[in-house]
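The structure appears below as structure tokens.
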Amino acid sequence: MKMFQGFLWMLVFAAFPACGYGQGYISYDYLSASRLKDETDNKYGSGDIQIVSGGYNIPLSVKHNDKGQLTAWSASIYGAYGTLSNRGQAKELNPDNILNGGLNLSHIRPISKRWSALASIGGGIYAPANEISAKSILANGGVIFVYRLNKSMNIGVGAGITNSYGVPMVLPMVYFNWQQSGKYEFKIDMSNGLKISASTWLGERIKVELTALEMDGMAAVMKVEEKSKIYSTAMLKSYLSPSFQLTKNTNFYLGIGGNWVRGISISDRGLKGFFNNFKDDKDDPEFGVALRITTGLRYRF
């Protein structure tokens with residue numbers, strides 16, 4: 001599985017946080033130890049990972065026209081710190097820790113009855129904590145044109161830009177968001193990565209969510225043999241998550257499930273390194289199935 005491509009997509013999609021109202025979260029994730037191996041079953045040791053993350057979206061300006069369409073400016077801040085505990089050769093292939101943090105400015109506005117434009121620009125630090133430098137700063141941004149098919153579904157196309165490989169690169173982007181409300185809520189969301197989920201309320205304060213598939217990951221610019229490389233890890237997970245409404249705007253949540261794969265990739269920074277990731281004979285190792293436990297707080301203002 002080419003997990004790298006999925007993670008690069010996520011890095012560009014990170015330019016598109018939610019607009020319109022203040023919201024934030026603090027989260028802790030633990031992935032149990034699993035073996036690192038390639039497609040030919042060569043083993044490279046094992047490892048686990050712990051991630052502490054948080055983010056906050058700040059509305060700067062929010063307006064609705066007479067048709068109820070939204071025009072908004074917002075800023076978002078995000079941070080995550082991952083601790084990787086590896087054994088055997090996996091310790092040589094992975095950093096001991098990863099620091100990711102960034103700031104984005106986003107704008108959404110209608111351009112017709114059914115079309116709207118969503119744009120964002122920002123950047124952040126992606127590096128092992130002891131290797132932060134000017135090369136650790138990665139920029140991202142893009143524009144997506146979104147078409148509202150009906151009350152439940154939006155689709156869109158556009159382009160994103162990133163300097164993950166040292167030079168600015170423009171990538172095509174797609175957008176898809178579908179959600180059905182009622183006693184049971186169903187959602188397929190590709191507005192910021194990928195998430196497929198269903199949820200329902202058990203009473204006034206308890207909500208249970210089943211996520212069939214979700215992707216997340218981390219990245220780091222690091223030195224390998226005195227060369228600047230881009231390290232990325234992308235994860236696919238499924239989990240059951242009950243949340244408890246503590247106040248009108250704050251809820252506490254737990255999550256338990258499986259992390260099906262944790263792929264890693266180390267590539268040269270440059271066009272050659274980027275295109276090497278798409279070669280059929282490239283066989284990056286992957287961590288196998290692991291238990292994943294999550295806990296945290298979400299809040300709105």
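By convention here, the first residue in the shown sequence is residue 1.
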Counting only N and O atoms by type, is there a donor-acceptor contact under 3.5 Å from the side chain of [X] to the main-chain atoms of [Y]?
X: T200; Y: Y184; result: no
X: R205; Y: Q245; result: yes
X: S136; Y: S133; result: yes
X: T233; Y: M218; result: no
X: S241; Y: L254; result: yes
X: R35; Y: G45; result: no
X: S112; Y: W115; result: yes
X: T295; Y: Y28; result: no

Give the intermediate values and the outcome of side chain to side chain contact (heavy atoms under 4.5 Å, CB included) for residues M215 and L213.
-> CA-CA 7 Å; M215 178 184 287; L213 192 65; over 6 Å; no

Is it the case that more than 12 heavy atoms not belonging to K135 sit under 6.0 Å from its NZ atom?
->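 Not more than 12 within 6.0 Å, no.
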
Take atom CZ of R292 as the centre, draw a 6.0 Å sphere, and report whether it contains more than 12 heavy atoms from other residues, nucleotides or ligands.
->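 Enclosed: over 12 neighbouring heavy atoms sit under 6.0 Å from CZ of R292.
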
Whether the [X] and [Y] side chains hold a donor-acceptor pair (N or O, under 3.5 Å, no angle test) is what I'd like checked.
X: Q23; Y: Y56; value: no
X: T40; Y: N42; value: yes
X: S120; Y: S106; value: yes
X: T83; Y: N97; value: no
X: D189; Y: N177; value: yes
X: Y81; Y: N100; value: no
X: Y299; Y: N251; value: no

Do [X] and [Y] make a side-chain contact, defined as non-hydrogen atoms from C-beta onward lying under 4.5 Å apart?
X: L297; Y: L246; value: yes
X: K229; Y: D268; value: yes
X: I125; Y: I132; value: yes
X: P110; Y: T71; value: yes
X: Y175; Y: V157; value: no
X: I206; Y: W201; value: no
X: I26; Y: R298; value: no
X: L138; Y: N163; value: yes

Taking only Lys NZ, Arg NE, NH1 and NH2, and the carboxylate oxygens of Asp or Glu, determine whether D38 and K43 approach each other closer than 4.0 Å.
->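 A salt bridge is absent here (no side-chain N lies under 4.0 Å from a carboxylate O).
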
Does a salt bridge link K195 with E209, judged by any charged N lying under 4.0 Å from a carboxylate O?
->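 So K195 pairs with E209 through a salt bridge.
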
Could you pull out the closest heavy-atom pair between [X] and [Y], with the gap in Å?
X: Y126; Y: G101; answer: CE1-O, 4.5 Å
X: E131; Y: V221; answer: OE1-O, 4.4 Å
X: V143; Y: A119; answer: CG2-CB, 4.0 Å
X: A90; Y: F287; answer: CB-CZ, 4.4 Å
X: G257; Y: L291; answer: O-CD1, 3.6 Å
X: R269; Y: S164; answer: NE-O, 2.9 Å

Say whether [X] and [Y] are linked into one hydrophobic cluster, either directly or through other cluster members, by side-chain heavy-atom distances under 4.5 angstrom.
X: I196; Y: F176; result: yes
X: F186; Y: M190; result: yes
X: L240; Y: Y253; result: no
X: Y78; Y: I137; result: no
X: L103; Y: L105; result: yes

Kindly compute the distance separating [atom1] ([X]) from [atom2] ([Y]), expressed to the nearest 0.5 Å.
X: S152; Y: L149; atom1: OG; atom2: CG; answer: 10.5 Å
X: Q89; Y: S46; atom1: CD; atom2: OG; answer: 12.0 Å
X: M222; Y: I266; atom1: CE; atom2: CD1; answer: 5.5 Å
X: I98; Y: I51; atom1: CD1; atom2: CD1; answer: 8.0 Å
X: S238; Y: L210; atom1: OG; atom2: CG; answer: 8.0 Å
X: I161; Y: I121; atom1: CD1; atom2: CD1; answer: 8.0 Å

Please report the C-alpha distance between L31 and R262 in whole Å, then the side-chain angles of each, then the deciding distance to 0.1 Å, and finally whether the side chain to side chain contact (heavy atoms under 4.5 Å, CB included) criterion is met.
-> CA-CA 10 Å; L31 281 72; R262 175 161 59 102; 4.2 Å; yes

Does the side chain to side chain contact (heavy atoms under 4.5 Å, CB included) test come out yes or no for L93 and Y231, once each step is laid out?
-> CA-CA 9 Å; L93 296 173; Y231 168 93; over 6 Å; no

Take S76 and N104, measure what side chain to side chain donor-acceptor pair (under 3.5 Å) needs, and give me the verdict at the end.
-> CA-CA 5 Å; S76 63; N104 280 82; 4.7 Å; no

Pair E214-Y239, side chain to side chain donor-acceptor pair (under 3.5 Å): steps then yes or no | CA-CA 9 Å; E214 185 176 0; Y239 57 93; 2.6 Å; yes

Would you sort out whether L36 and I264 count as a side chain to side chain contact (heavy atoms under 4.5 Å, CB included), showing the intermediate values?
-> CA-CA 9 Å; L36 179 65; I264 67 169; 4.3 Å; yes

Relative to the ring of H107, is the ring of W73 parallel (under 30°), tilted (30 to 60°) or perpendicular (over 60°)?
->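 Because their plane-to-plane angle is under 30°, the rings of W73 and H107 count as parallel.
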
